[in-house]
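Numbers restart at 1 for each chain; the letters A, B, ... are given by sequence-line order, proteins then strands. Bear in mind the structure is a predicted one, so any value in this text is a computation, not a measurement. Just the heavy atoms: all of them, side chains too, but no hydrogens, waters or symmetry mates, feed the values below.
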There are 2 protein chains.
Amino acid sequence: MIEIFKNIKNAYKILSHVANITPIMTSRTLDSITGAKRVLVKCENFQRTGSFKFRGAWNCISRIPSEEKEKGIIAHSSGNFAQAVALVATILKIKATIVMPNNATPTKIQATRGYGAEVILCGSNPGDRAKMTEELIQEREYRLVHPFDDYDVIFGAGTTAFELMSSIKPIDLLLVPIGGGGLISGCSIAAKGLDPRVKVIGIEPKNADDAFRSYQLGKRVPVENLNTIADGLRTSVGKLTFPIIQKYVDNIITVTEEQIIDAMKFYWERMKIVVEPSGAVPLAGLLSGNIDPSLIKNKRIGTIISGGNIDLSDFFTSLKQKFN
Amino acid sequence: MIEIFKNIKNAYKILSHVANITPIMTSRTLDSITGAKRVLVKCENFQRTGSFKFRGAWNCISRIPSEEKEKGIIAHSSGNFAQAVALVATILKIKATIVMPNNATPTKIQATRGYGAEVILCGSNPGDRAKMTEELIQEREYRLVHPFDDYDVIFGAGTTAFELMSSIKPIDLLLVPIGGGGLISGCSIAAKGLDPRVKVIGIEPKNADDAFRSYQLGKRVPVENLNTIADGLRTSVGKLTFPIIQKYVDNIITVTEEQIIDAMKFYWERMKIVVEPSGAVPLAGLLSGNIDPSLIKNKRIGTIISGGNIDLSDFFTSLKQKFN
């Protein structure tokens, strides 16, 4: 068993008491269309704050020495990490400031405030968030919490696969989405630590395929095209996460926007669960035909839904217009 | 314990092996906004074919003597019952014919065919379905299966509450939607049979409030206004179901279209589950302020989601247009 794996076990000792133990769902239809023996869907859309991010945020923030967090913590995020940090800080009674771009969806800003954080809006250009965050750290001495390039965040995220694999019979293959790489690096450590025979495949949108290209080239290349619906995966893979991915992930494949939307549709219509685009990316990979069929046929496959946060205001507003 | 309750227990002995044991979900937010001690959501949207209808269809069809079903069975439905009968018949190797109006959504027709039934389309006027069904029964000697006015269908549906209440600590209040009354009549027998102190409240759309008016008047009055988004509840309460409702249901309240849509939105956005409009009606009632607060405050409340079948083609088509 690999040495670094102990950190995931340690993280889970505490996390199992504060995070939701999320359900593992199955679907006869999914087994039948894939030819798998069983597809086991780990539903982090049912995690607190609606995504796996709560795990890493808790494992990181709860370990910060009190003198470092006295003045408060800060994070920048337009999405799921913002809400996770906000809730964790509220539970742990720490002041949290989240820098969000002024074009973030109002519901996400509202949710982050609702969980108890101070939200500071910045410009929507690529460098704006980091600049504003840096200024606030200088000025107010906040402690930065990084969304993925932090070992405690990685180990926390890895408890997702640990929890999945600890509660079921052995699996043969694990499918995980890749954005900054926090989830897959943690989950690949957990998977190989629990069972070295498990294959781990990362799935990435073709329209944000930096991890795929970096993995092929053996060095990090930044994300280029960003026109993907999978808003959680628009980030480039990190300095700490990339070497872990190189070491423990068996392959990376990409999927198209259409494949992502079809996978979402399957989850919503057939399995009755609300999954955000990023969360449907592994299923898109499973259904894409891009994975070696010998890894699927008659195998037990774990697939991770990273989250379920999606703005449905327009959908429900138009329903109301029809029926009022 | 009431005599008729035995039928539910008997139905469940078999159903627990063929139906899904559906999850019971909770939400910290829901407890906090209602003031309830715990709201326990019984998720029949995760039932086979996406609604509770599978339970009644199985319990009825599996008990039909073989000579009666030799020629095949027939049902008319534009929605969830069609799919349930189709799947049950396929599993039991019985020929099933479903009469559906020619304006039923293509996905529902497709799903019913997909589960293995022959679909015969009829006109979309109110009397058309019954007429076409009657003709086919005369001509081909099919056995009719009624969607709710049949004791075996009622007892099957009642296993929903039986399963809920058997697997958790006692509840104080049970909320159930009312259409034809099959679900609530079965569930009220189950609830009072297991625990006579449980209050059972039926919730109905204001725009299809025949059960509410019938209950007040003490006699059945037909449904009038039918402009409700809750397509599963547009039916009038039945001959067999109404007396059971009069006997075992403690109250009936109504909700507006806006309240139904807001409840759906809560389930989708906050609890990440896809619930059809009819299935959100009990939660709409709980949040409406129309239930005596002393029945809610600090109480344990069971609420039943009847199903999760909703046509999302338009939603996903427009997503694809945006991202391709």
Q.
Given heavy-atom pairs under 4.5 angstrom as the criterion, report whether the side chain, backbone, both or neither of Phe315(A) touches chain B.
A. side chain
Q: Could you tell me which non-hydrogen atom of Ser313(B) sits nearest to which non-hydrogen atom of Lys265(A), and how far apart they are?
A: CA-CE, 4.4 Å
**Q.** Interface residue of largest heavy-atom contact number with chain B, from Met264(A), Arg28(A), Met271(A), under 4.5 Å
**A.** Arg28(A)
Q. Ion pair present between Lys272(B) and Glu44(A), side-chain N to carboxylate O less than 4.0 angstrom?
A. no
Q.
Please classify the contact between Thr228(B) and chain A as side chain, backbone, both or neither, with a heavy-atom cut-off of under 4.5 Å.
A. backbone
**Q.** Contacts with chain B made by residues 202-210 of chain A (heavy-atom distance under 4.5 Å), listed by residue number
**A.** none
Q) If you count heavy-atom pairs under 4.5 Å with chain A, which of Pro277(B), Ser27(B), Ala111(B), Gly308(B) comes out on top? A) Gly308(B)
Q. Do Ile304(A) and Leu183(A) have side chains that get closer than 4.5 Å, going by heavy atoms?
A. yes
Q.
Looking only at the side chains, is there a donor atom on one of Thr22(A) and Lys42(A) sitting less than 3.5 Å from an acceptor on the other?
A. yes
Q) Which atoms form the tightest heavy-atom contact between Cys187(A) and Val176(A), and what is the distance? A) CB-CG2, 4.3 Å
Q | With sequence neighbours excluded, residues passing ring-ring contact (aromatic ring centres under 6.0 Å, His included) with Phe212(A) | A | none
Q) What part of Thr29(A) is in contact with chain B, defined as an atom under 4.5 angstrom from a non-hydrogen atom: side chain, backbone, both or neither? A) neither
Q.
Exactly one of Asp231(A), Asn309(A), Asp311(A) should register a side-chain hydrogen bond (donor to acceptor under 3.5 Å, both in side chains) with Lys108(A). Which one does?
A. Asp231(A)
Q | Donor-acceptor side-chain pairing of Gln259(A) and Ser288(A) below 3.5 angstrom | A | no
Q: Quick one: closest heavy-atom pair of Ala230(B) and Ser278(B), and the distance?
A: C-OG, 3.4 Å
Q. Which residue out of Arg48(B), Glu276(B), Met25(B) racks up the most heavy-atom pairs below 4.5 Å with chain A?
A. Arg48(B)
